[in-house]
2 protein chains.
Amino acid sequence: MSDKRDEILDVAEGLIRTSGFNGFSTRDVADVVGIKAASVHYHFPTKADIGVAVTERYTDRFIEALGDPDRFEDARSALTLYVDSFRRALVRDRKLCLCAVLGAEIGGLPTEVGEHTRIFFERNIEWLGRALIASSGVSPARAKADAAHILAALEGALIVSMSLGDRSVFDTVGKRLISLAG
Amino acid sequence: MSDKRDEILDVAEGLIRTSGFNGFSTRDVADVVGIKAASVHYHFPTKADIGVAVTERYTDRFIEALGDPDRFEDARSALTLYVDSFRRALVRDRKLCLCAVLGAEIGGLPTEVGEHTRIFFERNIEWLGRALIASSGVSPARAKADAAHILAALEGALIVSMSLGDRSVFDTVGKRLISLAG
DNA sequence: GTCTATAACGAGATAGAC
DNA sequence: GTCTATCTCGTTATAGAC
């Protein structure tokens with residue numbers, strides 16, 4: 001059983017991924033969890049603390065679920081896995097990637113939350129770069145450029161797909177990114 | 001000279017592109033324009049009205065600035081122009097595309113604002129599709145898939161570039177999209 | 001760890017004077 | 001077309017009882 005702290009983070013993550021950091025209130029979270037807003041502040045003194053905790057947890061889980069980037073035999077299987085981890089956000093959760101949302105409103109976030117959003121992108125580029133180097137032997141510079149391209153295209157594809165209510169936009173982008181790898 | 005109505009839209013657009021629709025208030029707009037919040041409501045009864053007007057104007061200007069999609073001799077010149085129109089958002093304005101921001105928080109927007117965000121994406125896919133068909137003779141289905149891919153990659157590249165404070169991410173993506181066209 | 005109560009503030013919006 | 005004044009409500013956050 002997850003304790004209340006985790007429950008608060010679960011609900012806050014869902015709300016941010018739907019409406020943005022400035023689109024939810026501590027009371028919104030409290031209502032879903034079934035406690036009062038004041039009790040939320042017992043676990044997280046400020047709203048920014050919630051934002052930081054949600055983003056750290058999201059990033060850790062995301063990278064951990066990807067597993068060891070050095071294990072892939074070919075770039076195609078690495079990319080298939082990577083694309084699918086974004087696809088799950090859309091299909092399973094019917095939500096965007098947390099950091100696509102936070103990155104879009106980065107100028108209006110508490111500094112620490114913006115900082116952790118940046119770390120999500122950096123860790124993703126690092127994971128993807130390593131996976132590409134290990135599986136296809138490209139140069140580090142090329143791997144980093146490829147990684148940034150793939151990450152950006154997937155985040156954008158989530159946003160456009162969700163806005164149009166058309167999952168095929170994401171799937172088209174995903175397939176092309178995979179086929180570019182060979 | 002732009003009247004107050006346009007000034008309000010200018011300021012609101014800038015604030016949304018920095019902090020999101022839920023990240024600014026009518027008073028924020030009023031302060032920059034140099035009037036009171038009540039006077040903003042004279043021009044736009046509700047905040048949603050501001051959002052709709054900003055998005056409609058943004059979309060019209062964006063598509064109009066692209067010009068006739070049927071005029072291109074080759075896909076490369078069409079794409080160079082298109083990529084550059086997104087690059088300007090980042091380099092000249094130091095902001096994201098309005099609809100990258102709105103699309104990311106689409107679940108937390110007034111319905112009409114979300115609707116106009118969708119229209120921005122649709123009109124962009126239509127423009128790009130026509131430009132690709134005219135310049136390289138691809139099939140309508142292929143053109144639409146290409147268009148969605150290009151649009152999504154550019155929107156995502158803006159977000160990742162801005163979050164990382166690294167313009168080269170956008171430029172890398174832009175160059176690759178252009179070179180994919182031949 | 002959760003509650004009630006409350007503070008202190010900002011939000012969206014309206015009425016009516018000028 | 002802009003102002004002051006006001007309303008109502010939501011927001012973040014704290015104090016202190018249970």
Which residue pairs pass the salt bridge (charged side-chain N to carboxylate O under 4.0 Å, His left out) test with at least one member in residues 30-55 of chain A, sequence neighbours excluded?
none
Do the side chains of Asp171(A) and Arg167(A) get close enough for a salt bridge, i.e. N-O under 4.0 angstrom?
no
Does a side-chain N or O from Tyr42(A) land closer than 4.0 Å to OP1 or OP2 of dG1(C), or not?
yes
Step through the shown structure and confirm whether more than 12 heavy atoms of other residues, nucleotides or ligands are within 6.0 Å of CZ on Arg71(A).
yes
Under a 4.0 Å heavy-atom criterion, the protein footprint on nucleotides 4-18 of chain D, written with B, S and -, is B------BSBB----
NZ/NE/NH1/NH2 to OD/OE distance under 4.0 Å, Arg57(B) and Asp10(B):
yes
Contacts satisfying salt bridge (charged side-chain N to carboxylate O under 4.0 Å, His left out) that involve residues 116-134 of chain B (not counting sequence neighbours) are Asp60(B)-Arg123(B), Asp70(B)-Arg130(B), Glu115(B)-Arg118(B), Arg118(B)-Glu122(B), Glu126(B)-Arg130(B)
To the nearest angstrom, how far is Arg5(B) atom CZ from dG1(D) atom C1'?
14 Å
